[in-house]
Amino acid sequence: MSPDTSTLSKNPTPDEAEDNAFFPSPYSLSQYTAPKTDFDGVEHKGEYTGGKWKILMIATEERYVLLENGKFFSTGNHPVEMLLPLHHLIEAGFEVDVATIGGNPVKLELWAMPSEDEAVLGTYEALKPKLKQPKKLTEVVADDLGADSDYLAVFIPGGHGAVTGLPASEAVEQTLDWALTNDKFIITLCHGPAALLAAALGKTESPFKGYSVCVFPDALDLGANLDIGYLPGHLQWLVADLLSKQGLTILNDKMTGMTHRDRKLLTGDSPLASNELGKLAADALLEEVRTTA
């Protein structure tokens with residue numbers, strides 16, 4: 001029997017660590033989180049044994065997103081969106097490095113952590129030291145992103161925290177330029193594609209103009225997320241809207257778990273896409289390794 005959620009509050013929950021800051025409401029968490037994901041096993045366990053190729057994850061070090069009404073949304077990276085795709089890639093044999101813009105610890109929406117999901121929880125424990133002490137992205141750009149780099153892909157997970165800092169970061173712009181120039185994969189989902197906006201910094205148009213992507217639906221951030229108290233106010237801008245204005249085609253207007261590949265850009269629409277995006281990414285990276293060996 002499903003639990004009765006009708007009595008749960010739709011008022012965002014105060015975050016006492018910051019003035020005028022709020023977590024999602026109890027009701028919204030009952031709708032958007034679960035103790036387990038749809039993880040149904042890995043398909044390529046241990047297939048990559050070369051030991052060279054790695055994944056560079058750009059995570060958020062930002063806890064708070066300032067909204068139009070002056071309130072803060074207490075956020076970060078969504079744990080399922082981060083850890084489930086990475087689980088597929090790590091199990092396939094790829095190492096993961098973690099970077100944030102300033103080298104500060106990664107912020108996670110721990111209220112969305114699936115408490116009974118062994119794949120997600122195990123990956124979290126394995127990566128926790130790197131999440132606490134990530135690399136500084138500017139140093140990665142300077143030292144590790146040459147033509148002979150060991151990184152095969154850049155992964156940018158979602159969560160509303162991705163809309164703060166990443167879209168205006170020169171280091172993110174340089175990382176995306178490197179990935180496009182060197183024919184590397186870029187993997188991102190939900191609000192993570194906000195980082196793609198950085199690719200247009202200093203340019204007359206985005207290098208992603210003409211690409212098709214999945215992204216979190218603006219309609220939810222304008223409507224349901226406010227109605228159920230997930231957000232304590234309107235975002236100052238919307239991800240799909242700005243990507244569209246840069247010439248990208250948004251493939252979805254709902255949250256269904258949709259994933260898509262356009263060239264070497266792999267995207268997903270929401271936490272519901274995490275498992276399938278992980279499979280898609282593992283398939284793509286392993287095929288790349290096989291064909292270029």
Side-chain angles (χ1 to χ4, degrees), residues 48 50 52-60 77 81-82 85-86 88-90 92 94-101 103 130 134-158 162-163 165-215 239 242-243 246-249 259-268 277-278 280-292:
Y48 176 61
K52 174 184 178 180
W53 296 116
K54 300 190 292 183
I55 314 300
L56 173 63
M57 178 173 71
I58 303 176
T60 184
N77 281 131
E81 294 172 19
M82 173 188 289
L86 286 182
H88 286 279
L89 293 167
I90 292 169
F94 297 102
E95 185 180 343
V96 175
D97 284 343
V98 180
T100 59
I101 292 175
K130 293 182 178 181
K135 297 175 179 288
K136 188 174 183 178
L137 187 58
T138 52
E139 295 177 357
V140 174
V141 171
D143 300 336
D144 301 318
L145 294 188
D148 59 349
S149 174
D150 292 338
Y151 293 120
L152 185 60
V154 177
F155 173 50
I156 307 172
V163 308
L166 302 187
S169 167
E170 183 178 345
V172 172
E173 181 261 334
Q174 293 169 331
T175 303
L176 295 173
D177 277 355
W178 165 83
L180 291 168
T181 299
N182 291 278
D183 201 30
K184 304 297 184 179
F185 288 92
I186 300 168
I187 307 160
T188 185
L189 72 165
C190 200
H191 288 84
L196 302 180
L197 295 167
L201 294 174
K203 303 180 180 70
T204 57
E205 66 179 22
S206 171
F208 292 108
K209 182 179 179 180
Y211 277 72
S212 297
V213 296
C214 302
V215 64
V239 178
L242 290 193
L243 289 173
Q246 287 193 356
L248 286 75
T249 298
T259 61
H260 182 69
R261 174 175 178 174
D262 186 339
R263 285 155 275 190
K264 289 192 171 178
L265 177 61
L266 314 181
T267 56
L277 186 64
L280 178 65
D283 286 344
L285 269 60
L286 288 168
E287 179 63 22
E288 181 75 8
V289 169
R290 285 192 290 266
T291 57
T292 58

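Phe94 meets the ring-ring contact (aromatic ring centres under 6.0 Å, His included) test with Tyr48; sequence neighbours excluded. Not a single side-chain hydrogen bond (donor to acceptor under 3.5 Å, both in side chains) links Thr259 to another residue, sequence neighbours left out. Residues that satisfy the side-chain hydrogen bond (donor to acceptor under 3.5 Å, both in side chains) test with Lys54, not counting sequence neighbours, are Asp97. Partners of Ala194 according to the side chain to side chain contact (heavy atoms under 4.5 Å, CB included) rule, which considers only residues two or more places apart in sequence or in another chain, are Val163, Pro167, Trp237, Val239. Annotation: side chain to side chain contact (heavy atoms under 4.5 Å, CB included) contacts of Pro157 (sequence neighbours excluded): Met57, Asn77, Met82, Phe155.
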Taking only distance into account, with no hydrogens and no angle test, what donor-acceptor pairs under 3.5 Å do side-chain atoms of residues 168-183 form with protein atoms, sequence neighbours excluded?
from   : atom 1 : to     : atom 2 : distance (Å)
Ser169 : OG     : Ala171 : N      : 3.2
Ser169 : OG     : Val172 : N      : 3.1
Glu170 : OE2    : Gln174 : NE2    : 3.4
Glu173 : OE2    : Lys203 : NZ     : 2.7
Thr175 : OG1    : Ala171 : O      : 2.8
Asp177 : OD1    : Lys203 : NZ     : 3.2
Asp177 : OD2    : Lys203 : NZ     : 3.2
Trp178 : NE1    : Leu145 : O      : 3.0
Trp178 : NE1    : Gly146 : O      : 3.0
Thr181 : OG1    : Asp177 : O      : 2.8
Asn182 : ND2    : Trp178 : O      : 2.9
Asp183 : OD2    : Lys264 : NZ     : 3.0

Per-pair distances, 0.1 Å, donor-acceptor, side chain in residues 204-214, under 3.5 Å, sequence neighbours excluded:
from   : atom 1 : to     : atom 2 : distance (Å)
Glu205 : OE1    : Lys209 : NZ     : 3.3
Ser206 : OG     : Phe208 : N      : 3.0

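Thr100 places none of its side-chain heavy atoms less than 4.5 Å from the side chain of Ile58. Counting heavy atoms from C-beta on, the side chains of Leu152 and Val289 come closer than 4.5 Å.
Between Thr188 and Pro193 the shortest heavy-atom distance is OG1-N, 3.2 Å.
Applying the salt bridge (charged side-chain N to carboxylate O under 4.0 Å, His left out) rule to pairs touching residues 186-199 yields nothing, sequence neighbours excluded.
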Evaluation steps, side chain to side chain contact (heavy atoms under 4.5 Å, CB included), between Ile156 and Leu166: CA-CA 10 Å; Ile156 307 172; Leu166 302 187; 4.0 Å; yes
Side chain to side chain contact (heavy atoms under 4.5 Å, CB included) evaluation trace for Val154 with Ile55: CA-CA 6 Å; Val154 177; Ile55 314 300; over 6 Å; no
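From Leu265, atom CG reaches atom CD1 of Ile187 across 9.5 Å, with rounding to the nearest 0.5 Å.
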